[in-house]
Amino acid sequence: MQEISQKLFAVKKQDYNLDLTFDSGQTFRWQKVNDGWEGVIYGKWVRLEHHKDGIKACVCGKVSYWSWLEDYLQINTSLNRILREFPRDPHMNGAVKTCRGLRIVRQEPWECLATFLMSSNKQIPQIKQIINNLCERFGEQIPSPHGRPLYAFPTPQVIATASEEELRLCKMGFRAEYLKKAAEKIVHEKIDLRELSRLSSDKAREILLSFRGVGPKIADCVMLFSLGFMDAFPIDVWIEKALRTFYFDSKPVKQKDLEKFTRSYFGKFAGYAQQYLYHYIRILNNRASICKNEENI
DNA sequence: ACCCAGGCAGCTT
DNA sequence: AAGCTGCATGGG
């Protein structure tokens with residue numbers, strides 16, 4: 001039986017909501033289990049659950065310092081200070097009202113890059129499945145609190161030595177080439193993605209775009225979700241739809257104008273605002289489709 | 001059977 | 001710069 005270490009983070013649910021955070025499409029490995037969330041960070045199994053006094057974290061193994069988890073969760077970031085910077089308009093107000101407590105966590109950059117390489121032209125449940133296959137097949141087995149085997153996210157070294165055919169067994173299709181080449185680039189050029197966080201945002205984006213399979217959208221996701229560039233604003237099909245309906249009267253807009261608007265309008269935490277809008281429009285869309293289903297019954 | 005999915009690369013206009 | 005198309009795979 002594995003030893004479990006525990007830690008309580010004193011934070012109110014309205015300032016840190018685990019459901020909103022892990023359901024918002026920024027991470028792909030967290031799973032809801034018995035009213036808590038379980039995932040793997042830095043090769044360790046972690047369980048998080050809301051408690052009356054805050055968020056309780058359980059970690060597999062003996063843990064004497066918690067800075068890695070505090071950094072991942074960004075637990076010392078004040079949500080109020082971020083929300084204050086959002087523009088005030090009916091749509092953003094609605095998003096904040098609906099999604100208050102949604103947080104952006106700070107993922108490990110390699111995992112973030114690799115998983116978003118899997119995301120192109122895929123739905124979120126399928127991305128999760130691919131990542132799951134990848135970890136089972138190539139990840140190192142790590143201590144688990146329950147009987148089931150548990151795997152760390154595979155290192156670039158392991159992925160680089162795998163063949164494209166082996167990677168395709170994880171059902172990632174044409175993305176296998178992207179993943180293998182990214183891993184090889186990191187290994188051969190001795191790239192430490194974490195260092196990109198110390199560069200200017202233009203330079204960091206330029207380096208990310210030099211990976212095959214990384215375009216503007218995925219580059220912005222990696223910057224926002226793993227490198228601390230809180231103004232990076234990924235524009236995917238959902239956000240584009242949200243921006244057009246909310247701010248452009250549902251009229252067609254040129255890509256360039258869309259980008260210009262997001263840069264000038266959403267402020268220094270634009271990426272955070274983007275995540276609120278993204279989750280908000282998806283919730284609205286879910287409700288609408290549920291209504292439609294009920295009409296058909 | 002068809003359409004689309006937290007896109008991107010490689011084309012053509 | 002826009003506007004097309006193919007891409008592997010799975011789900012509605």
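Note on naming: letters A, B, ... go to the chains in the order of the sequence lines (proteins, then strands), and numbering restarts at 1 for each one.
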Reckon [X] touches a base, only the sugar-phosphate, or nothing at all at heavy-atom distances under 4.0 Å?
X: A:Glu240; value: nothing
X: A:Lys171; value: sugar-phosphate
X: A:Thr27; value: nothing
X: A:Phe225; value: base
X: A:Pro216; value: sugar-phosphate
X: A:Gly215; value: sugar-phosphate
X: A:Gln275; value: base

Gap between atoms [atom1] and [atom2], on [X] and [N] respectively (whole Å):
X: A:Leu243; N: B:dG6; atom1: CG; atom2: C1'; answer: 14 Å
X: A:Arg282; N: B:dA5; atom1: CZ; atom2: C1'; answer: 10 Å
X: A:Lys217; N: B:dG7; atom1: NZ; atom2: C1'; answer: 8 Å
X: A:Asp236; N: B:dC8; atom1: CG; atom2: P; answer: 10 Å
X: A:Met172; N: B:dC8; atom1: CE; atom2: P; answer: 17 Å
X: A:Phe174; N: C:dC7; atom1: CZ; atom2: P; answer: 10 Å
X: A:Ile131; N: B:dG6; atom1: CD1; atom2: P; answer: 14 Å
X: A:Leu179; N: C:dA8; atom1: CG; atom2: P; answer: 15 Å

Looking only at atom [atom1], what distance separates [N] and [M], rounded to whole Å?
N: B:dC2; M: C:dG6; atom1: P; value: 15 Å
N: C:dC4; M: B:dC4; atom1: P; value: 14 Å
N: B:dC3; M: C:dT5; atom1: C1'; value: 16 Å

Problem - No-H, no-angle donor-acceptor pair, A:Gln123 side chain to C:dG12 base, under 3.5 Å - result: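 In this structure, the two groups form no donor-acceptor pair.
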Exercise for the section: Determine: side-chain N/O of A:Arg212 to OP1/OP2 of B:dG10, distance under 4.0 Å, yes or no. Expected result: yes
Handout entry: Contact under 4.0 Å: A:Arg168 side-chain N or O vs C:dA8 OP1/OP2
Key = yes
Completion exercise
Comparing A:Leu209 with A:Gln26, nearest DNA chain B nucleotide closer to 5' gives the residue A:Gln26
Handout entry: Which residue lies more 5' along DNA chain B, comparing A:Tyr178 with A:Gln126 via nearest heavy atoms
Key = A:Gln126
Answer yes or no for [X] and [Y]: cation-pi contact, defined as NZ/CZ to six-membered ring centre under 6.0 Å and angle to ring axis within 45°.
X: A:Lys44; Y: A:Trp68; answer: yes
X: A:Arg47; Y: A:Trp37; answer: no
X: A:Lys185; Y: A:Phe211; answer: yes

Handout entry: Pi stacking test for A:Phe116 and B:dG6: under 5.5 Å apart, planes under 30°
Key = no
Exercise for the section: Give me the one residue out of A:His279, A:Gln275, A:Arg103 that meets side-chain hydrogen bond (donor to acceptor under 3.5 Å, both in side chains) with A:Ser24. Expected result: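 Option passing the side-chain hydrogen bond (donor to acceptor under 3.5 Å, both in side chains) with A:Ser24: A:Gln275.
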Exercise for the section: Give a yes or no on whether a salt bridge exists between A:Asp249 and A:Arg244, defined as a side-chain N under 4.0 angstrom from a carboxylate O. Expected result: no
Exercise for the section: Give the nucleotide from the list B:dG7, B:dG6, C:dA2 with an atom nearest to the side chain of A:Pro234. Expected result: B:dG6
Problem - Contact list for residues 149-163 of chain A, test side chain to side chain donor-acceptor pair (under 3.5 Å), sequence neighbours left out - result: A:Ser163-A:Glu166
